Every structure is written in structure tokens, then in C-alpha cells.
Amino acid sequence: MADYKKEAKQLMELVGGRSNIVSVAHCITRMRFVLSDPKLAKIDEIDKLPSAKGTFTQAGQFQVIIGNDVTNYYNDFIAVSGLESASKESVKQAAKSSQTWLQRLVGNLGEIFAPIVPALIAGGLILGFRNCIDALYLFENGTKTLVEISQFWAGVDSFLWLIGEAIFHFLPVVITWSITRKMQTSQVLGIILGITLVSPQLLNAYAVAGTPAADIPVWDFGFATVRMIGYQAQVIPAMLAGFVLVYLEKFFSKITPALISIIVVPFCSLVLATLIAHTVLGPIGWALGDAISKVVYSGLMNPMGWLFAGLFGLLYAPLVITGLHHMSNAIDSQLISSFGGTILWPMIALSNIAQGSAVVGFSLATRKNERLQQVAVPAAISCYLGVTEPALFGINLKYGFPIICGMIGSAVASMISVGFGVQAISIGVGGLPGILSIFPQFWGIFAIAMLVAIVIPVVTCYLYAKTHLDEETKTGKKAETFELEKNVNEAAEVILNAPMDGQVYPLNEIEDKAFASGAMGQGFAIDMTNGLVHAPCDGQIVMIFPTGHALGMRDNYGHEILIHLGMDTVELNGEGFEILTQANDFVKAGDPLIKVDLDVVRKANKSLVSPVVVTSGQNVKLLAHGQVQANQEAALIEK
């Protein structure tokens with residue numbers, strides 16, 4: 001078992017010291033801190049700790065990603081800090097004190113739906129599979145489904161509906177249970193209240209629209225009647241009813257003597273909550289949920305729906321960062337209830353895929369950085385399986401450009417999805433397996449949208465990372481730096497090696513007058529016979545022409561050196577030149593810099609005589625004559 005005491009002590013200091021820690025707990029992969037002053041946390045230094053794979057702040061908690069060994073890390077942290085062990089719930093409660101009312105509302109909504117999501121995913125997969133066997137006409141010349149030609153599969157289809165019905169028709173039961181669980185009241189009362197909303201005594205919610213008003217059953221109290229309508233699969237009525245039950249139970253618990261509370265509190269709370277749910281909250285919630293789902297559905301299905309889709313796809317990842325994305329679960333569930341499918345959820349799956357793909361592009365560009373790979377590879381896999389937080393906070397948000405690349409890919413893919421009316425049967429796995437929750441008739445176009453959500457972020461993120469990240473980030477190694485002398489004329493003598501194979505000439509013997517006159521500086525030239533160009537000394541690349549025909553570098557004493565490949569080769573516009581390095585790179589003598597296709601240059605009737613000139617004004621003594629090989633000593637920069 002690894003010993004993290006030393007590093008844990010460092011982490012304690014970097015988050016602001018023991019006095020700045022209000023509470024600390026851990027989850028499966030992360031340390032979760034509530035800090036008195038989050039600004040005291042030194043994020044850049046924390047990221048340099050060997051075990052820290054990233055940091056982020058969410059829901060009032062400063063979280064440090066540790067990985068699978070977080071339990072041992074946490075135990076050592078508690079040992080060295082002297083802090084008391086805290087539960088995740090207590091940390092959440094401490095964090096809420098610094099949150100706004102909107103953050104608390106969204107956080108509570110997320111915690112209510114979190115326990116339900118696995119059931120919704122399972123239900124979505126089941127309904128997706130049932131659609132494959134009872135809705136795809138693939139047999140007997142496209143006239144029959146698998147269920148119609150096989151008694152076995154007909155039995156499977158009927159059996160699976162038992163689970164699908166339990167999950168979706170009785171959704172209000174798990175919603176009211178989850179609310180009471182979250183609010184720490186009697187969960188069994190929440191379950192019973194949910195059952196009263198879906199009881200077989202009631203007219204099924206799916207049958208209400210087709211039933212004449214006069215035929216809808218009622219409870220007749222003499223002075224008033226209440227319609228006996230069920231709320232199968234309804235989200236908002238169940239949520240409203242659940243919260244009423246919670247606050248009624250808390251109210252009666254507060255005013256009822258302990259001696260009779262076991263009788264009074266559950267009876268009064270449940271009876272009143274059920275009555276209010278069926279007389280007031282149910283009809284209001286039904287109308288509200290129906291209105292919300294119609295607004296979202298019409299917004300996505302109108303001729304300009306693709307524009308809304310692009311905006312949603314672009315902004316969904318930032319919504320995840322704020323936690324506001326939890327609201328989409330309720331909207332998705334309501335859409336499924338109202339229309340039998342959701343157009344919103346496919347875009348969420350595409351956003352997850354796009355953010356994971358941005359990590360893949362980043363990972364490819366930084367593949368030599370082993371420490372980054374330890375974060376990037378698991379984060380990408382997690383994203384492709386529907387969990388985006390490790391990718392968002394460990395890579396994409398931290399470096400900035402990956403999240404933008406993912407957002408662009410998500411926006412384009414979402415426009416394709418909505419533009420072709422792709423719908424999901426239910427909420428599913430928010431990544432690559434999500435295609436199983438899509439109605440089978442949309443699999444083809446959704447696969448294309450998924451491909452777009454992969455290709456755009458991978459390509460754009462890779463290209464940006466390759467051209468904009470520093471060498472240390474790409475390789476994990478600190479770039480070598482050179483201390484430059486203030487007066488280069490006082491520097492030690494420097495040997496310049498031949499950058500390439502070929503015939504050496506004194507600079508004044510070549511045909512180009514600008515170089516031969518020495519106006520640009522002293523040096524030598526080589527009529528190259530091999531196209532690979534090497535660094536003539538240790539130094540830094542300060543300039544490369546986009547055409548690849550010339551570059552400038554500075555050695556560790558500050559001497560400026562120009563290597564010009566051929567004569568008038570600028571006219572080739574880069575054809576035949578492959579650049580192997582880039583500006584600001586530090587190189588060692590002999591490192592490959594540029595590769596030249598000699599045949600291309602010869603066919604263009606350009607000379608291959610290549611000057612190597614010290615442009616900073618020092619005297620240069622030629623050491624080599626005749627034929628030389630690359631990396632052989634060729635000249636001396638004198639003091």
C-alpha cells in the first residue's frame with residue numbers, strides 16, 4: 001500500500017492550510033474539500049503533485065482528482081492533518097452554505113434524479129431492444145417482425161414489457177421516494193404517495209385524452225367531486241406531491257407531541273398530501289409539464305429547430321460545469337410521457353461523445369506525456385460511457401481549447417440529429433452505447449451524428465494542441481533553456497557541424513551575390529546530396545519560413561545562425577520541403593530539422609547549394625573541405 005503522508009501534507013498546505021479546511025471527504029476518485037476561502041488554493045502547484053490528476057470546483061466543493069487509490073490517500077490526509085473524517089453528505093451540507101438559491105435548487109434536483117437514472121437507462125435499453133424485435137420489419141420481404149415469426153421472441157417481448165412498464169408507468173413512485181430520501185423524511189410514505197398517483201383504481205394517464213369527460217370516474221364527496229385520474233409517467237405532478245408530503249411531515253413532526261407522533265404524523269401527512277396531489281397539484285403539474293414539453297418539442301421540431309439544437313449542443317458542456325444540466329432529466333422524462341420519445345436526450349449523448357473526443361485529440365497530441373495520459377485516457381473512456389466530469393475538469397476546462405473543440409463538434413452533431421428528427425425511447429447511456437436507446441429507424445442518421453461528434457473534436461483539438469502547446473506539456477519534460485551571454489563576442493568558440501551531406505564551399509565562392517558578398521554574415525555553403533537537414537549546434541529555433549526553405553536559430557551563447565536550403569527555393573512555395581521542428585523548440589546538435597525532396601528541387605531547376613551563415617556578425621573559420629557528412633565539424637565561430 002502506497003504511503004501518501006508526505007504528499008498529503010503538501011496538499012493540505014496548498015489548499016490554504018488546516019485552518020482553511022471546513023470539511024473534507026472523498027468519493028470513488030476524488031478528494032472533496034469545503035474551503036473557507038477557495039481563493040487560497042494554489043491550483044497550479046496542486047496540479048504538479050504526482051498523485052493529483054486535476055482539480056475543479058463544483059457545487060461549492062473544491063475537488064482534487066486522485067484516482068483509484070483515493071481511500072488510502074484520504075486516510076493519510078486525515079492522519080497528517082488532524083482533521084476529523086467527514087461523510088460526503090456532511091461535506092455537501094457544508095458546501096451549500098456558500099451556494100446561491102439557484103445552485104441549491106439545481107443541486108437538489110440533481111440529487112433527486114441521480115438514484116433514478118440507472119433505472120431509466122435500463123428501461124431505455126429494454127424498450128430499445130423491444131423495438132428491434134417488434135417494430136423492425138426485416139423478415140418475409142419486409143412484411144413481418146421477429147416477434148411475428150417466432151413464439152420465443154414474442155414471449156421475450158411480452159416479458160420485457162413487465163420491466164419497462166414498472167420503470168416508466170410507475171415513475172412517480174420512485175420520484176416521490178427519492179424526494180423523501182433526499183429530504184430525510186419517511187421514505188415509505190413517499191413510496192405509498194407515489195402508488196396513489198398510479199393506482200389501478202384510477203383512469204390511466206394514457207387513456208385520459210381518448211375518454212369523454214362524462215366517462216371519467218370521480219370521487220363524489222356530495223359537495224364536490226374529484227376526477228380519478230392517474231399520473232403514470234408524469235414527472236412534475238409527482239415532484240410537487242413529493243415536496244408537499246415532505247413539508248407536511250416536517251410540520252406535523254414539529255407540532256405533535258412525541259407520545260402520539262407515530263400515529264398523527266404519518267396519518268395526517270399522507271392523507272393531506274394525497275388529497276392535495278389529486279385535487280390541486282396533479283392537474284396543475286400535468287398542465288405545467290405538458291406546457292414545458294410542448295414548448296421544448298415545438299422549439300426543436302419547427303423549421304428553425306436546427307438552430308436551437310446547435311445552441312443547445314454548443315452550451316450543454318458548460319451547463320454540466322454549472323450543474324444546471326440536471327434539469328434536462330426532468331424535461332426528458334416529461335417529453336417521453338407526452339410524446340412517447342425525447343429529441344433532447346440524443347443531443348446530450350452527442351455532447352458527451354464530443355467532449356470525450358476532444359480529450360482523444362488532446363491525448364494524441366500529448367502522447368509522450370505519461371502523466372497527462374494517466375488522466376486523459378481514463379477520462380476519454382469515461383466520457384464515451386456517459387460520465388463527462390473527469391474529462392471536463394481534468395483536461396478540457398483546464399486547458400481551455402479542448403472544451404471549445406468539443407462544443408463545436410457537439411453543436412454540429414446536434415443540428416444533424418434534430419434536423420432529421422432523431423428521437424430516443426428513453427434516457428440512456430450518455431455516450432457511444434447511447435445508440436441503443438434511439439428508435440431503430442433513426443440509427444443510421446444518429447450514427448452519422450456520432451461520427452461527426454468524434455471527428456470534429458479529435459481533429460481540431462489535435463491540430464490546435466500540436467501548434468499551440470509548449471514542449472513541456474506535449475512531452476512531460478522540461479524544455480532545456482540556455483543562459484545567453486550579454487556580450488556574444490566574449491563567448492567561447494563554438495563549433496558548427498555540417499547540417500547535411502555534400503560538397504563544402506567557402507561562402508564567397510557561391511553564385512548568390514547576397515551571400516557571397518558577406519553582407520549577411522560569414523559562414524559556408526554545402527551543395528547538399530542528402531535531403532535530411534540537421535541542427536549544426538545546440539540552440540533554439542527562432543524562426544522557420546512557412547515554405548520550409550530556410551530557418552533561423554540561436555545557439556546557447558546567443559549567436560544567430562541562418563540555414564538557407566538551396567537558391568530561389570522560396571519560389572517552390574513549400575513543395576518538396578517537410579518541416580520537422582517548429583519555432584521556439586530547443587534542439588541538440590544533430591537533431592533533424594527539415595527534410596528536402598532533392599528530386600523536386602532539381603526538377604524545378606533550382607540550385608541545392610545551401611548557405612549556413614552566422615548573421616550576428618562573428619568571424620567564422622572554415623574547418624572542412626571537399627565532401628562532408630552531416631554532423632561532421634565544418635566551421636568555427638571565433639571569439
Side-chain angles (χ1 to χ4, degrees), residues 480 482 484-485 488-545 548-569 576-581 585-598 601-602 606-639:
E480 296 183 56
F482 302 94
L484 305 180
E485 299 291 337
V488 294
N489 291 317
E490 295 178 1
E493 295 179 335
V494 174
I495 294 291
L496 291 182
N497 296 333
M500 68 286 286
D501 298 348
Q503 176 76 30
V504 173
Y505 294 96
L507 202 57
N508 59 9
E509 292 184 8
I510 66 174
E511 294 181 0
D512 188 282
K513 293 182 180 180
F515 288 107
S517 66
M520 299 184 67
Q522 297 184 25
F524 59 98
I526 296 179
D527 188 357
M528 70 171 76
T529 57
N530 185 299
L532 189 58
V533 182
H534 304 262
C537 59
D538 297 347
Q540 182 181 20
I541 305 300
V542 295
M543 174 274 296
I544 300 182
F545 277 83
H549 79 286
L551 64 83
M553 64 177 293
R554 183 187 297 115
D555 73 5
N556 55 334
Y557 293 101
H559 301 121
E560 304 283 351
I561 303 157
L562 171 68
I563 303 175
H564 195 287
L565 304 176
M567 294 296 159
D568 298 321
T569 45
F577 293 85
E578 180 183 359
I579 299 173
L580 306 177
T581 186
D585 278 358
F586 290 97
V587 295
K588 288 285 190 180
D591 285 352
L593 304 179
I594 294 174
K595 188 175 182 180
V596 184
D597 188 329
L598 302 185
V601 179
R602 291 188 183 109
K606 304 298 182 184
S607 170
L608 287 167
V609 174
S610 304
V612 180
V613 182
V614 179
T615 57
S616 50
Q618 286 72 40
N619 293 326
V620 178
K621 180 181 178 181
L622 193 60
L623 301 178
H625 303 278
Q627 289 289 329
V628 294
Q629 292 183 336
N631 302 318
Q632 176 183 330
E633 291 185 0
L636 175 72
I637 302 177
E638 298 181 331
K639 289 185 179 180

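Computed from a predicted structure; not experimentally measured.
- Between N497 and H534 the shortest side-chain heavy-atom distance does not fall below 4.5 Å.
- Summarising the geometry of P499 relative to A630, their closest heavy-atom pair is O-CB, 4.1 Å, with the distance given to 0.1 Å.
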- After noting the C-alpha distance and the side-chain angles of T569 and H564, does the key distance pass the side-chain contact (heavy atoms from CB on, under 4.5 Å) rule? CA-CA 9 Å; T569 45; H564 195 287; 4.1 Å; yes

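- The shortest side-chain heavy-atom distance between F524 and L623 does not fall under the 4.5 Å cut-off.
- For the atom pair CD of Q540 and CG of D585, the computed distance is 8.5 Å after rounding to the nearest 0.5 Å.
- At distances below 3.5 Å, not a single donor-acceptor pair connects side-chain atoms of D555 with backbone N or O atoms of D538.
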- Task: Evaluate the side-chain contact (heavy atoms from CB on, under 4.5 Å) criterion for residues L636 and I495: first the C-alpha distance (whole Å), next the side-chain angles of each, then the deciding distance (0.1 Å), finally the verdict.
- Result: CA-CA 5 Å; L636 175 72; I495 294 291; 3.6 Å; yes

- Message: Between F577 and V596, is the side-chain contact (heavy atoms from CB on, under 4.5 Å) condition met? List the steps.
- Response: CA-CA 5 Å; F577 293 85; V596 184; 3.9 Å; yes

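- Put simply, the side chain of R554 does not reach to within 4.5 Å of the side chain of S616, judged on heavy atoms.
- Of the inter-residue distances, the one linking L622 atom CG with L507 atom CG reads 9.5 Å to the nearest 0.5 angstrom.
- I594 contributes atom CD1, which lies 4.5 Å from atom CG of L551 (distance to the nearest 0.5 angstrom).
- A heavy-atom distance below 4.5 Å is not found between the side chains of M567 and E511.
- Counting non-hydrogen atoms of other residues, nucleotides and ligands closer than 6.0 Å to CD of E633 gives a total of 12 or fewer.
- In terms of modelled atom types and a separation under 3.5 Å, the side chain of Q503 and the main chain of D527 share no donor-acceptor contact.
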- Query: So I541 and L593, side-chain contact (heavy atoms from CB on, under 4.5 Å) or not? Walk me through it.
  - Reply: CA-CA 9 Å; I541 305 300; L593 304 179; 4.0 Å; yes

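- Atom CD1 of residue I579 and atom CD1 of residue I544 lie 5.5 Å apart, to the nearest 0.5 angstrom.
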Exercise answer: donor-acceptor pairs, residues 606-615 side-chain atoms, under 3.5 Å, sequence neighbours excluded:
from, atom 1, to, atom 2, distance (Å)
K606, NZ, E571, OE1, 2.5
S607, OG, V609, N, 3.1
S610, OG, G566, N, 3.0
S610, OG, L608, O, 3.1
T615, OG1, E560, O, 3.4

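- Within 6.0 Å of the CD atom in Q627, the count of heavy atoms belonging to other residues, nucleotides or ligands exceeds 12.
- Annotation: ring-ring contact (aromatic ring centres under 6.0 Å, His included) contacts of Y505 (sequence neighbours excluded): none.
- Exactly one of L565, N631, L532 qualifies for a side chain to side chain contact (heavy atoms under 4.5 Å, CB included) with M500. That residue is L565.
- Counting only distance, with no hydrogens or angles, the side chain of E509 and the backbone of P506 share no donor-acceptor pair below 3.5 Å.
- Contact record, V504 with A624: CG1-O, 3.7 Å, taken as the closest heavy-atom pair.
- In this structure the side chain of Q522 reaches within 4.5 angstrom of the side chain of N619, judged on heavy atoms.
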